[in-house]
Engineer: 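I'd like to ask you about the structure that follows.
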Protein chains: 4
Amino acid sequence: MGESRSAGRPRSADKEAAILRAALELLTSQGFVRMTLDQVAAAAGVSKSTIHLRWKSKGNLVTAALEAVRMAEAPPATGDTRTDLVAVLEDFAATVQRVRGMALIGTCLAEETHTPELIALLRERTVLPRRALLGELLERARDRGEIRTDADLEEAVSALLGPFYADYMAGRGGRPAWAEGAVDLVLAGLRPPAAG
Amino acid sequence: MGESRSAGRPRSADKEAAILRAALELLTSQGFVRMTLDQVAAAAGVSKSTIHLRWKSKGNLVTAALEAVRMAEAPPATGDTRTDLVAVLEDFAATVQRVRGMALIGTCLAEETHTPELIALLRERTVLPRRALLGELLERARDRGEIRTDADLEEAVSALLGPFYADYMAGRGGRPAWAEGAVDLVLAGLRPPAAG
Amino acid sequence: MGESRSAGRPRSADKEAAILRAALELLTSQGFVRMTLDQVAAAAGVSKSTIHLRWKSKGNLVTAALEAVRMAEAPPATGDTRTDLVAVLEDFAATVQRVRGMALIGTCLAEETHTPELIALLRERTVLPRRALLGELLERARDRGEIRTDADLEEAVSALLGPFYADYMAGRGGRPAWAEGAVDLVLAGLRPPAAG
Amino acid sequence: MGESRSAGRPRSADKEAAILRAALELLTSQGFVRMTLDQVAAAAGVSKSTIHLRWKSKGNLVTAALEAVRMAEAPPATGDTRTDLVAVLEDFAATVQRVRGMALIGTCLAEETHTPELIALLRERTVLPRRALLGELLERARDRGEIRTDADLEEAVSALLGPFYADYMAGRGGRPAWAEGAVDLVLAGLRPPAAG
DNA sequence: GATGAATGAGATTTCATTCAT
DNA sequence: AATGAATGAAATCTCATTCAT
C-alpha cells in the first residue's frame, strides 16, 4: 500500500496516443464536423466509449489532438541570413504539405465561430513558434546591418510567410523557389540605405 | 399567340435570391457541414422543398451560392502606382472582413477533399480577378520604369496579398497600415537598379 | 350557343388515355406505393397537375387505371371440351406473363387493407369473367355427360386455375403443359361413374 | 480469465425478438414500402437506432424478419392418405388466415422486382417445405397403389394447393371443405386404372 | 478500465397535394 | 384546360452521447 497512483487499472497510455493520432489524422482529412468518433475509434482500434472516458466531448478530443501538434525541430542555422531564412520557409512548406496542413488550417478557420480554441491552438503551437524563429533571424540580420534598423520585423515575417498562403489561394501552391523569391524580396526591400 | 413566357406559374426570383443569400450567409457562419437546409429555408422564408425544386442537393445549392459571389467593383485608378495598389489591397481586406471571408475561405479549404468545386469557385470568382487587377497595376508600373523589367509579377502579386493571410494566421488580422507596408516593401524590393 | 357541352376548353381524351396507360404500367412495375405521380406524369407526357385535375388522389387514379383493365377476347371455342378449356387457361397464363400480372396481383393483395377497391376491381374485370368462361365450358361438358352431374363447378374452376398460382408460388411458373395437366386431372376426377 | 462472453453489454435478445415480430406484423399489415421504421420501433418498444444497430437497412430488417418465418410443425400423420392430405391443407389455410398471409404474399410478389429476396425467402421457408410434406404423402400413396405410378407428383401438389389461391382470387377464400374437395379431386383423377 | 448496447436529436431527401399564372 | 411553383408531412439513416456489463 502506501502508493499514490489512483486505484484501479491505470489507463493505457498507448490507447491515448493512438486516439490522439487518429483524431488529428481524421481532423485533417475529414474536417471537424465530418470526422466521426466512430471513425476515430476504428482507426485507433478502441471503442467509442474509451474515447469518452478520457475526453468529455468531441470538441475536447479535437482540442487535445491539436495540443499535441508542434512545430518540428528548427533547421540548423548556418549563420548566413538568406540561407537560414530560406531553410525555415522550406521546412514550413514541406511540413504543411506533408500533413495536408491547408485542410487542417481550413477546418480551424471554419470552426472559429464554434470552437475558437482550434485556431488559437494552431497559432500557439505552430504559427507563432515559426514566426519567432524567423523573427530571430531577422533580428540577427538587423544587428549585422543587413537590413534597416527601423524595419518592422513582424511585418517582415508576414512578408516572408505570406506568399505561401497567397500562392495556395491562387492555385499556385508548391511553386518552386517561392521561398528564395520571398526572402530576396524582403531583404532587398529592407536593405539599409547605402551609407553616405 | 406570340406568347413567349413559359407555361405555368413563374418561379419567384425573390425567393431564389433570398435562398442564395441565406445559403452564402450560413455557409460563412456555420461552414458547409454544419449549415442545414432547415436553416437556409427558415432564413430565406421558404420551404425546404422549394430549395430542392431548384437545386438537387445541398452541394449544388452551395455551389450556386458561391457562383454568385463576385469581386466587387474595382476601386477607381488614380494613376499613382502606390495609391492604386494600396486601394486594391484595402478593398480586399475590407471585403473579407465585411463578409467574414476567412471563415468562408476556411470552409472551402476544409472541404477541398470532398467538394473541390468550392475552393475552385472562390478562386475563379474572387482570388484570380483581384490578382489580375494587381497584376495590371504592376505591369503598368513596370512599363513606366518603376519596377525592374525582369520582375516576376505573379510572385509580386503574392507578395502583396500574402501578408494579409499571414497576419490573420498570426492573430494580427486587421493590423493598420498593413497594405501600405506590403506595397512599400514590394516596390522597394523591385526598384530598378539606379541608372548610372 | 344552345350547345350542351360544358363551357371552356374540353379535356383532352388523349391525355386521359395516356395517363391511365402510364399509371397501369407503373402500378405493375413499381407497385402502388413506389409508383409516384411524377413518374406517371413523365411517362404520360403531362404535368402532375393535369392528373389531379381529373382524379382527386393517387388512389382514385389507380382505381381508374384498373377499371380500364379487362380480360381480353375469349379464344374461339371448338366444341371439344379439353381443347377449349386448355385454350382458356393458356390464354390466361399468356396474359399474366405479358403484363407481369403476378406483380400487379401482388400489389392489389398487398393493398387490400388500405385500398380494397384494387383487388375488387381486379376480380370483377379479370378473374370473374375468366371464371365465367371456364364455368360455361364445364356446364356444357356436364350437359353432354362428360362430367358428373353433381360436380361443384365453381370448385372445378378453382381446380383448373389454381395450379397456375401454386406453380408460381413454388417458383415453377411457366411450367410447360401445365394447362393440359390441370384439365386432364379435373376431367378425370369428375368423370361420371361408368354406366351400369 | 476463462471468460467466454464477449465484452460490453450484451445485446438484448428480447428486443431483437420484439423487433422482428413487429417488423413481420407490419410487413403484413402495411406492406414493405408503407411499413416505416418508426412504426416498427414503436411497436417493438425500442428506438429506431436500436434497429439500425442490428440491421443496416430496412431491406435487411425485413429479410431477417422473413427468415424467421417458418412453416409450423406438420400435423401428425394418421396413415390414411385422404385424412393426412386434408390435414396438411387445412393447416396451411389456417396459417395463412391467422397471419393474414395473402397480404404478406402480395407484398413479396409486388416487391419481386425491387427485392427478390422476399419472395425467395417465402418460398424457401414456407412454400417448399409444405410442398415437400404433401409430396411425401403422395409418394406413400403411390407406393401403396392408391394413385397411378406414372403420376407427376409435383403437378399433383400444385393441384392440391392451387384451389386455395384461386378461391382467394375469386373472393371465395375460406370456402368450407375446400381441402376435402381438392384432395378428392386429385385422388379421383389419379386413381390407378382398374386392374383387368 | 474497457466495451458494446441503446438512444434522442437531427439532416437530407421524397412526394402527394394545393396555388398561382 | 394546362402548367409549373410551392409546400407540409414524412422516411431513412447518422452520430454524439449515455448506460449496463
Side-chain angles (χ1 to χ4, degrees), chain A residues 6-12 15-16 33-41 46-61, chain B residues 3 5-12 15-16 33-41 45-59 61, chain C residues 6-12 15-16 33-41 46-61, chain D residues 3 5-12 15-16 33-41 45-59 61:
Chain A
S6 63
R9 173 156 35 140
R11 285 193 188 152
S12 156
K15 285 185 205 276
E16 187 142 336
V33 191
R34 262 190 226 275
M35 169 191 114
T36 74
L37 294 187
D38 269 306
Q39 292 170 332
V40 176
V46 302
S47 72
K48 251 192 302 184
S49 305
T50 297
I51 298 176
H52 274 283
L53 204 55
R54 284 152 219 253
W55 298 279
K56 220 161 60 182
S57 70
K58 186 182 178 181
N60 286 353
L61 166 64
Chain B
E3 278 245 325
R5 294 218 340 273
S6 65
R9 175 175 175 180
R11 216 169 258 197
S12 159
K15 284 185 205 285
E16 187 139 336
V33 191
R34 254 190 236 274
M35 168 190 116
T36 76
L37 296 184
D38 263 307
Q39 293 171 331
V40 176
V46 302
S47 72
K48 264 184 293 182
S49 310
T50 297
I51 299 176
H52 277 282
L53 181 62
R54 286 151 214 252
W55 299 278
K56 230 169 37 195
S57 70
K58 186 183 178 181
L61 167 62
Chain C
S6 62
R9 180 169 10 155
R11 286 191 188 154
S12 156
K15 286 184 205 277
E16 186 144 336
V33 191
R34 263 191 226 272
M35 170 191 111
T36 74
L37 293 187
D38 269 306
Q39 292 171 331
V40 175
V46 301
S47 73
K48 251 191 302 185
S49 305
T50 297
I51 298 176
H52 274 282
L53 203 55
R54 285 152 219 253
W55 299 278
K56 221 163 57 183
S57 71
K58 185 181 179 183
N60 287 353
L61 166 63
Chain D
E3 277 246 323
R5 295 214 341 272
S6 63
R9 178 175 174 180
R11 218 169 256 195
S12 158
K15 284 186 207 283
E16 187 139 339
V33 191
R34 252 191 239 272
M35 169 192 117
T36 75
L37 295 184
D38 262 309
Q39 293 171 331
V40 176
V46 302
S47 73
K48 265 184 292 182
S49 308
T50 296
I51 299 177
H52 277 284
L53 179 63
R54 285 150 212 252
W55 299 279
K56 226 166 43 190
S57 71
K58 185 183 177 181
L61 167 63

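Model, not experiment: these values are computed from the prediction. A note on names: the letters A, B, ... follow the listed sequences, proteins ahead of strands, and every chain is numbered from 1.
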Engineer: Can you tell me how far C1' of E:dA16 sits from CD of C:Gln39, to the nearest Å?
Structural biologist: 13 Å
Engineer: Output yes when at least one side-chain N/O atom of A:Thr50 is less than 4.0 Å from OP1 or OP2 of E:dA2, else no.
Structural biologist: no
Engineer: Say you draw a straight line from CE of D:Met35 to CG of D:Leu61; how long is it, rounded to the nearest 0.5 Å?
Structural biologist: 5.0 Å
Engineer: With rounding to the nearest 0.5 angstrom, report the OG to CD1 distance, C:Ser57 to C:Ile51.
Structural biologist: 11.5 Å
Engineer: Mapping C:Ser47 and D:Arg9 to their closest nucleotides on DNA chain F, which lands nearer the 5' end?
Structural biologist: C:Ser47
Engineer: Between atom NZ of C:Lys48 and atom OG1 of C:Thr36, what is the distance when rounded to the nearest 0.5 Å?
Structural biologist: 7.5 Å
Engineer: In whole angstroms, how far is the P atom of F:dA11 from the CZ atom of C:Arg34?
Structural biologist: 15 Å
Engineer: What is the pairing partner of F:dA5, taking Watson-Crick or G-U wobble pairs with both distances under 3.5 Å in any strand?
Structural biologist: E:dT18
Engineer: At under 4.0 Å, does any side-chain N or O of A:Arg54 touch on OP1 or OP2 of E:dA2?
Structural biologist: yes
Engineer: Looking at E:dA2, F:dC13, F:dT7, which one has an atom nearest to any side-chain atom of B:Val46?
Structural biologist: F:dT7
Engineer: Considering heavy-atom distances to DNA chain F, does D:Val33 or B:Ser12 have its closest nucleotide positioned more toward the 5' end?
Structural biologist: B:Ser12
Engineer: Output the distance between atom CG (C:Leu37) and atom OG (C:Ser49), rounded to the nearest 0.5 Å.
Structural biologist: 10.5 Å
Engineer: Quick check on DNA chain E: between D:Ile51 and C:His52, whose nearest nucleotide comes earlier from the 5' end?
Structural biologist: D:Ile51
Engineer: Looking at B:Arg11, I'd like to know whether one of its side-chain N or O atoms comes within less than 4.0 Å of OP1 or OP2 on F:dA5.
Structural biologist: yes
Engineer: Whole-Å distance between F:dA20 P and A:Lys48 NZ?
Structural biologist: 17 Å
Engineer: For C:Arg54, does its backbone N or O pair with a side-chain atom of C:Arg11 as donor and acceptor, under 3.5 Å?
Structural biologist: no
Engineer: A:Leu37 has a side chain; which of F:dA16, E:dT21, F:dT12 sits nearest to it?
Structural biologist: F:dA16
Engineer: Return the 5'-most residue of the pair C:Gly59, B:Asp38 with respect to DNA chain E, ranking by each residue's nearest nucleotide.
Structural biologist: B:Asp38
Engineer: May I have the distance from C:Leu53 (atom CG) to E:dT21 (atom C1'), rounded to whole angstrom?
Structural biologist: 14 Å
Engineer: Would you kindly give the NZ-to-C1' distance between D:Lys15 and E:dA5, to the nearest whole Å?
Structural biologist: 9 Å
Engineer: Separation of B:Met35 atom CE from E:dT12 atom P, in whole Å?
Structural biologist: 7 Å
Engineer: Quick one: C:Leu61 CG to E:dC15 P, roughly how many Å, whole number?
Structural biologist: 16 Å
Engineer: Whole-Å distance between E:dT17 P and C:Trp55 CH2?
Structural biologist: 14 Å
